[in-house]
Structures are given as structure tokens and as C-alpha cells.
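Down below is the structure, laid out as C-alpha cells.
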Amino acid sequence: MNATIAMITLRGLFGRRRFLLLFVLPVLLVALTAFAASSDVPAIEWSGTLLDALGLGAVVPLMALLVGIGVLGNEIDDGTIAHILAKPLARGEIIQAKLLVAVGASALVVVPAMFLVGELAEGPSLAFGLAVGSLLAVIVYSAIFVAISIVSSRPMIIALGYVVLWEGFLGNFVGGTRMLSVRHYALSLADSVSGSDLLTKQVSLPVSLVLAGVITVGATLLAVDRLRSYQLAGETG
Amino acid sequence: MTLIETTALTKRYPAGVVALSDLTLAVQPGIVALVGANGAGKSTFIKIILGLLPATSGTVRVLGLDPAAEPDRVRSRVGYMPEHDCLPPEQSAAELVTHLARISGLPRTAARERASETLRHVGLYEERYRQIGGYSTGMKQRVKLAQAMVHDPDLLLLDEPTNGLDPAGRDAMLDLIHRIGTEFGISIVVCSHLLGEIERICTSLIAIDGGKLLRADTVAAMTTDRDVLLVEVDEGADTLVAALAERGVAARRDGHTVLVPAGADESTYDVILDAVVAAGLPLHRLDRQRRRLSELFTNNQAPEIKGSVLHV
Amino acid sequence: MSVDVSGVTRWYGNVVAVNDVTMTLPPGVTGLLGPNGAGKTTLLHMIAGFLPPSRGTITAAGQRTWRNPDLYKVLGLVTEKEAVHGFLTGEQFVVASARLHRLPEPERAAARALDLVELADPRKRKLSTYSKGMRQRARLAAALVHDPQVLLLDEPFNGLDPRQRMQMMTLLHDLGNRGRTVLFSSHILEEVEQVSGTVQVMVAGRLAASGDYRTIRRLMTNRPHVFAIDSSDNRRLAAVLIGDPSVRGVSLGEDGLEVSASDFGTFTRVLPGIVRREGLRLRRLRPADESLESVFSYLVGAK
Amino acid sequence: MSEQTSVIHDIGYQRYSGPRLGRGYAVRSLYEHSLRTAFGVGRGMKSKIFPWGVVGVASLITVIIAAVSSTAGQRVISYVNLVDQMSVLIIIFLAVAAPELISRDLRAKVLPLYFARPVGRFDYVGAKFAALVASTWMAVGLPLVIVFAAVAFDADTVGDAWKEFTLLLGGLAYVLVLVLINAAVAMLVAACTGRRAFAAGGIVGVYLVTLPVSVVLSEIGTGAAQNLSGLPSPTMTGAGLRYWVTGDGPIDIGGFGWLYLLVSLVLVAGSIAVTHARYRRVDS
């Protein structure tokens, strides 16, 4: 991996105080779960809302989105990407570094939170299941959001629309879209690993893993190709 | 009336950076250039004039008013054109300038009339009803200028007014500023890095360096003639030098120019012409060399002026 | 030749930004001029490999430029947009550039580049605290760190103060003298004149003229040459000059004569003789439309 | 024929000698301009779609309710309950208006143009906040007035109509409370970014994140925890104030009315203060 690009990307991500905002949602999720677990209400009553809808459905994709677009989209938006592109580097090398940083940073924020949520809700096996599931989600999402960063000139809107509408909304109503929903791959893996009653997978594990792999590789290759053909805006005035 | 008057003006930022140090000057009405290195304190100076920043010590008077005590009165008589883009793209120029005229205190009707007149004076006609987003750089600069003078200020602060303009746009903008300063009777302080522009339109110049006054004088005084004549011939420069030497004039070559000491009286002109005629050379240029404003920045031993009052 | 642009056209939809441009840039400094919207930035970006030509070919230092990252081993680019990674210090920024170029001694290369642009002192400060001119020079240092054969700069004087402008001019001049190919765009013609007399002038997407601007001026044979003249008796001199066949017109103004001469060579040869014959004293003879400024406005005006 | 006199009129630059109104007038002008901007008045069609769309949707809903009420001879829903139903419309209108009023100025960097004139930073923030509150209040209050018009028209006595009017005032006051609290938050979010899309997303995001927190807390918690469950959400804080005054509403806050009031005041004052502080860094 190109350490220099990784260093610049990391500093861009964590160098500003803004990154603390990344922890707000995961902390909130854990706090809410802790509160719910301390009450007398049985976990099965709130696990759907907190673990699935809020956790896998909102916190995980939103954090991956903020980080994924943070590692590349922001650099493209403010024009600093030109400094990195005007170097004799294979474009794959750049994407690889960016992607690894994105996965690492998102996982750092999300996986421990999901682990805690599982631990509080049920115990170690669910904790482990949710941690593994969310890690899978983070990997696939990062590839998708890095690709969106370069394909679209308004990545934030597109990505938010995708998370809210496709992952959050459609999957609940239109069964067919579950097959192409990262959230359901994560749910499937978490359910299979933990065997917990609190989770119900709707896509089989092999299908999930294969599709997750295909999407990750596809998005990455797309990002590399688009970066190779990156164009600077022309005349300004 | 003195336009801007400061005594021992000092601005120290909390971090310990001294932006202005013991600045004493008195600026008379006219078109005044404010030059200096980046970070030399020009933007701090402008903010203090507009009453947006308090001075650490010293006094400042703008049009006879203290901007720290009466910022509103100062601001209603001063117009400011910022350096950077500052125009909302989705409004028309007419609407924006009218709105800003009202913010400057003009009643509704007067604001509308003056906005339309001012836009005409800066050279925007039917385009003024179009959205600013579709304007060229030159048109945007004109709108920025129009909003700065819509309330008929007595003093205009223009920060890099020719920024981003192409040569034709620069020409037009400089002519406009010159007209505002002379025909319209509004005093102007122009911040610019382009000394050529300043030589062209300004009557006087204030140079600040490191928060201190470097030089304040009229432009005419800084661009006086030197005692050197520039002579250019299309060919045979060396022949000319030799011919001049024969006539007892010690000329020397500098690139394709021949430099001749001007001498005490004007007879040197005749000697040069005789030499050119005798050698049968094509004379291309005969001119007195002048001091350039850029020499202000090439001489590194900048004289430090402290506490003394300089009338510009 | 270091940069070869051959029959290059670039369009965006129906808008043609660059129209059938062919130019070769030898080592040395060349100014790229043109009104706003003439296609200068588009051309620079195509040469820099950040935009594919719609038609035609471009090579820089013998390499094709589009989709070819290896190009940047020999090419440096300073864009007009002043964005930098504000969280890095000047030194970190340039060292990172050196590392991305895989230079053997990145720290030393960076120190050299920072010295060159006179940023050695503030190198430990974050770029976000730099002034516009300092950022401009930091970006130049990053583009120079690998000592490229070809250097492209879009409006490099933007935001620089008078002293920094002079430094930048000297720097570009030196690079040209050391055999580098430097192409820079600028609107400030006096500066272009001082850095290099060699220009490429674009007008509405077309290449209007190339070469030394003085030579270009002489090629405009349909334009009379205008001179400003002051003498001991302007009215008499005017009367005599109007009788000379090389003079097209004379106007008498407050500060002297304005003479348009149809034939440059003839007029400059006959004038000294006429003045002396009439017993007059010539105080000033100044070509009024020989500057890059006038050459440029003629080219733009001609369309 | 009368004698023709020829004149060349002076259309050169004229100095202005009319009145220069002070800072109060300047702030009022900024407020008026912002109010117009919120509804897209004086701008292109595109700027009008969203605000008027919200007004249209709100009116449509209430016209249906009004029609049903007037045929049924009685109101099917009280004003205050109607307001609770429309709280999401408040958020949507704010998400449209706040970025338009605040983020847009940041993006275009127009603030130096204001601050070089007789308006200060506090004036600017105050005028923008007032315009944001007023526009949202009008947009969401209008439907209540429609219902009132329909019902009062049918009222048998002047006394009934008057009673209806006091109920309307109560509803409008409740709208104002909800708008004040949410507008303060919306302004703060909008002042954080120059991008309108981010600001709009942030405003909706705060609502979408804080509301479920309140809901989960109130569903799971008991006693004081339940009473206090409204505080994490600005909207539920407003609903708590309603309960404090009327003893009814979507949330039971027990005896914590004073705390809800305090939190509301801190929220509004705090948002204005932080927004003001943020503008200190805006370069002029």
C-alpha cells in the first residue's frame, strides 16, 4: 500500500475536529441499547428497531458513507486530488490506499459499537456475529462510496439517497431488492455466525457472500477506471 | 478634509501576531494605492477602517469619524469592494444592488433608482436583469463595484478590482476607476499588487511592509525622470555606441537598448540624433528613463519610518 | 521538441473550447495568452493529461498525455485552483510530493524545492495558515520537486505581491535558461513581457499567433506603426512630416505628436534626418503600439 | 407651434443627498428580503417550488379536514392536535428555508458585503432568525386559519366564533413555539455549511435521529425517565411545553414543565449565540 497517500488520507479524515461527529451516532446507539437492556422490556421487542433498523440499517451505512466520501469525494470536490493525480502512480495504487483507509476508519468506528450492542442485547455470540456482519457491510459500502465519490459530482446526495431509499426503505417493502442490499448481506452473516433469535436473515449466506464479493470488486474496478480518466474542469471564466 | 488619518495605529492579534505597528499617516482625497507584501497588514487596515476590528492602540479617523465609536456612520459613507467572489449567483444584479442599497440605509425608491443608475455607470445595461450566475468575470467585477458605490460613498475601498480580468477587462475597469475618482468626485483607496496599474491610475501610494509604513508619497514623485536617456535602434546598436563615443558621450549597451547619460543641458539629444543620422541607423526610441514603482520593492534596504507624519 | 500539440480540438457538447490548435514548444519560457474563455486552461489541462483532446494528438517530452500516469515523471503542473491539503505543513506537503514521485532522497529534494520558492522559513507552518501567495509557491515547489522537463502553470502570478511576482519571474526565467520547457498562462502582459517575449496567443479557441511578440508586430503589415513624438516645435515638425511619403497621418496633441507611419523601416530612418535638417530638437520618440499589450489587442480585435 | 428649446440633459453621475436611514431600517430591510427569499419571491420558478409545495401540501390536508369538519358539523381534530400531526411539515419547511436563507449566503460569501454596511453580526443573525421563524410560522399557520375560516363561517353565534378564535390563537401559539425551537436548531445546522444539500440533510437528520431517541426512551422508560424522554428531541420538547400548558399532548412530562421551558430557552438562546460566534470567523 502507498503509505504517503494513506497518511494524507488519514490526516484529512481525522485531522479536523469534525471527525468526532463520526462517533456521535455509534455512541448514541450503544447508549440506547444499554438503556433498553437495563429495562424490563424483553430484547425481542426492541432488537428489530435498535439492532437491525438503527444499527445495520442506519448507523453502519451512514458512518461508512461519511468516511467513504471523506477519503476521496472531498478531495475531488475541493480540487486537492489534482496533487495526487499529477504523480507517476498507477491509479489502482491510489484507490487501494484510499479504500484500505476507508475500511479501517469505518470499522474502527462501527465494529466496536456493534459488538457492544450485541453484547448488551444478548451476549458474546451475538456480539461476535454483529461485529463480523458489520465488518462485511463496511467493506462493501466503502467500495461503493469510494466509487460513487468519483463517478458522481454530487456524491453526498447520491449516496444518501441510496442509503435512505434503497437500503433503508425499499428493502423492507420490495422483497427482490433484498438480494442486492448490503444491509441484508450483513444481517445474513451476523445471523449465521451468531445463530441468535434476535436476528432473522432473509438472504442465504452463500448468496450474500458471493454478491458482496462481486459488488466490492466491481465497484473498486469502476473506481480505478474512472480515476484513470479523471478530468479537471476546463475554462473558468 | 483628510480622507484617512492614523496616529501610531497598532493592531496585535491575540496569538501575538503584530499586523500593524505604529502606523502614522494622513491620506488626502484622490485615488490612493495601498500596496504591500501579502500578510503585510492591508486587510487588517481595511477592517479597522470599516470598524470591523478594534485597534490595539493608536487612533484612526476616516472622513473625520472614528470607526470604532461610530461604525454605522463610517460604513454608510464608505463603500467596499472585496477581493473575492461575493455575489449570490441566483439573483439579478438589479435586485442585489437594490437590496444592498437599502441595507446601506437608502429608502426603497431611492435604492431602486440609484441601483439602476449605478449599474448604468459601471456599464451594465440590459444584462442587469439576468441572474449573476451567468455573468462573465468582467461583469461580476462591475457588479461588485456597483454595490460598493450604490449608496454614493465619499470613500471607496477597492480590493484587487482587476482580479481575474483579461487585458481588455482590466483596461475597462481601470478606466472606470479613474473616472469615478476624477469625474464622480469619490475618493478611492485601491489595493493592488500590480504596480503598472497603480502607475496608470493612482495619484498617490501607501506602501506597507510587515505592518509598518514603507513609503507614502505621490505617484508622480516616485516615478520621476532619471538622468539617463534610452535609445533604441533597430540595428547597429554597437555602431551607435561607437559613434557616440567619438562625440565624447559615454553610452553603454543594455540588451537592445543604448543607455546615454542625459547631461546637464538638452544638447545630448542633438548629439544622439547627429550620431544616428551620421551612421544612417533607424531610430526606434529616444526617451528619458523613469523611475518605476517596482524599485520600491527591489531595493531591499527599506527605510524604516517611525512616528513621523507623512502627508500623501 | 518538448511539447507537441498537433491538430488538437476540444469540444464540450456544442461548445468548441479549443479549435484545431497546432503548436510546438521548445525548451525555454513561453507565455500563453488570450482573453477569458479563449481556451487556455483547456489547452493546459490537455497537455497535462487531465483532459482528452476530442481530436488531434498531444505529446509532452515524447509521451502521450491522456491516461498515462508515467507522464508525470517528466511533467509538473500548477493549476489555477489554489486548493491544497491545508492540514499539512509546507514541508510535509512537498515531501509527500517527493515520496509520491519515489525520489531517492525525498527530504533533500523537498528542501531544495522549498528553497527555490523561498519557503524555507515557514516550512513548518500548516498550509491553511499560508497566504494566497505562499500557497501558490508551495504548490509550485510540489510541482518542481522532481525537476521536471516540462512545467505548466495556469496563472502563476495570481495573488502574489510585487516582491513575490519578481521572484516568480526570475524563477521561471532561470528554469527556461536551464533548458526546461515552461508554459504559463497570464493576463498581466507586462509580466509576460518581462519573463519572456515568446508567446502563444489564443483567441476564441484558435491559435492566433506564436513567437516573439516584437516579430509578430512586424508581421502585421496592415497596421500602421504609431509613434509618440515631442520636439522643440511640434507644429512645424508635423507640417514637415505630413509631407513625407512614409507618414500616414499626424495629429497634434497637448503633449506632442502622434504619428502613424505606414512603413516602419523607412520612417525610423528618415525621421532623424528630417528633425536635424529643420534645426529642431527631438526630445522624445516612443513607439506607442509596440508593447505586448498593443500586439495582443490587435490580435484579439482582428478576430 | 411653440418654440422648441434644445437641451442636453446631464445624465452623468449624480451625488445622493437624500436621507440615509439608520441601522434599524437596514435590519428591517434584511428581514424583509429574507422573508421574501424564504418563499422564493423575486427569484426564479425553481426557488418557489419547494416552499410553496410545502404550503400546498399543508393546505390540502387541512382543506380536506375543514371540509369534513364542516359537513360533520363538528371539528374532527383540534388545532393543537393538528399542529402535532404537521410537525414534520415544520421540519421540511425549515429544511427548505434555512439553507436558502443562511447556507446560501455562506456559499456565495456575501457576508462581507453586509458587514461593510451598517448591520452587525448580531443584526444579521437576528434578522435571519426572525425571517426564518416568521416564514415557517406563516407557512404552517396558514392551514389552521383555513380550518378556522371554514368552522367560524358555520358558527351559530358570535360567541361560538369567538371561542373558536381563541382556540385558533392557541394553535397558532403552539406552532410558534415549535417553530422557534426547531428554527433555532435549523439555523445552527445551516450556519455550519455552505452547501444547501448538506444543510437540508443535516436539519432533517437531526429530526430523524432525535425523534426516535425520544420515542424509544418513552416506550421503554418509566416514571421520571419517561417524563424526561422528550428532551432529546426539539420537537418533543415543544410538545412537552404544550402538555405543561394544556395538560394534554403526545407526551406526559409530569411536573417537569419548568425544565422543558428552561431547555427550550437554552436551545434557542444557545443556537443564536453559537451561530453569532460562528460568524465572527467569517472573513470580511
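Chain identifiers are assigned alphabetically (A, B, ...) following the order of the sequence lines, protein sequences preceding nucleic acid strands; residue numbering begins at 1 within each chain. Every heavy atom of this structure was used, including side-chain atoms; hydrogens, water molecules and symmetry mates were not.
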If you count heavy-atom pairs under 4.5 Å with chain D, which of B/R120, B/Q131, B/R179, B/E183 comes out on top?
B/R120
Could you check if a side-chain atom of B/H121 sits within less than 4.5 angstrom of a side-chain atom of D/I11, using non-hydrogen atoms only?
no
Tell me if the CZ atom of B/F184 is crowded by more than 12 foreign heavy atoms within 6.0 Å.
yes
Residue pair D/Y114 / B/L100, side-chain heavy-atom distance below 4.5 Å:
yes
Contacting region of B/D154 [heavy-atom separation from chain D under 4.5 Å]:
both
Taking the side chain as every heavy atom from C-beta outward, state whether D/R28 and B/R102 have any pair of such atoms under 4.5 Å apart.
no
Is it true that B/E90 and D/K46 have a side-chain N and a carboxylate O under 4.0 angstrom from each other?
no
I'd like to know whether OH of B/Y13 has more than 12 heavy-atom contacts from other residues, nucleotides or ligands below 6.0 angstrom.
yes
Are there over 12 heavy-atom neighbours, none belonging to B/R12, within less than 6.0 Å of that residue's CZ?
no
Basic-acidic side-chain contact under 4.0 Å: B/D85, D/R107:
no
Here the gap from B/R75 atom CZ to D/R117 atom CZ, rounded to the nearest 0.5 Å, amounts to 11.0 Å
Here the pair of heavy atoms bringing D/L113 nearest to B/C86 is CD1-O, 3.5 Å
Side-chain touch D/Q14/B/D152, heavy atoms, less than 4.5 angstrom
no
Do you know which two heavy atoms are closest between B/P88 and D/V110, and how far apart they sit?
CD-CG1, 3.2 Å
Is atom NE2 of D/H276 surrounded by more than 12 heavy atoms (other residues, nucleotides or ligands) closer than 6.0 Å?
yes
Option that, when pairs with chain D are counted at under 4.5 Å, heavy atom only, ranks first among B/R108, B/K144, B/R114
B/R114
Please check: side-chain N/O of D/R20 versus main-chain N/O of B/R73, any donor-acceptor pairing under 3.5 Å?
no
Can you name the closest pair of heavy atoms from D/P118 and B/S104 and give their distance?
CD-CA, 4.0 Å
Okay, side chain of D/Y25, backbone of B/L106: is any donor-acceptor separation there less than 3.5 Å?
yes
Region of B/Q147 that comes under 4.5 Å of a non-hydrogen atom in chain D
both
Does the side chain of B/M149 come within less than 4.5 Å of D/Y13's, by heavy atoms?
yes
Would you say B/I186 and D/R15 make side-chain contact, with heavy atoms under 4.5 Å?
yes
Looking at CD of B/Q91 and OG of D/S47, how far apart are the two atoms once the value is rounded to the nearest 0.5 Å?
9.5 Å
Shorter than 4.5 Å, heavy atoms on both sides: which option in B/L96, B/I103, B/L53, B/V74 has the most such pairs with chain D?
B/I103
Most heavy-atom pairs under 4.5 angstrom with chain D, which of B/P107, B/S76, B/A110?
B/P107
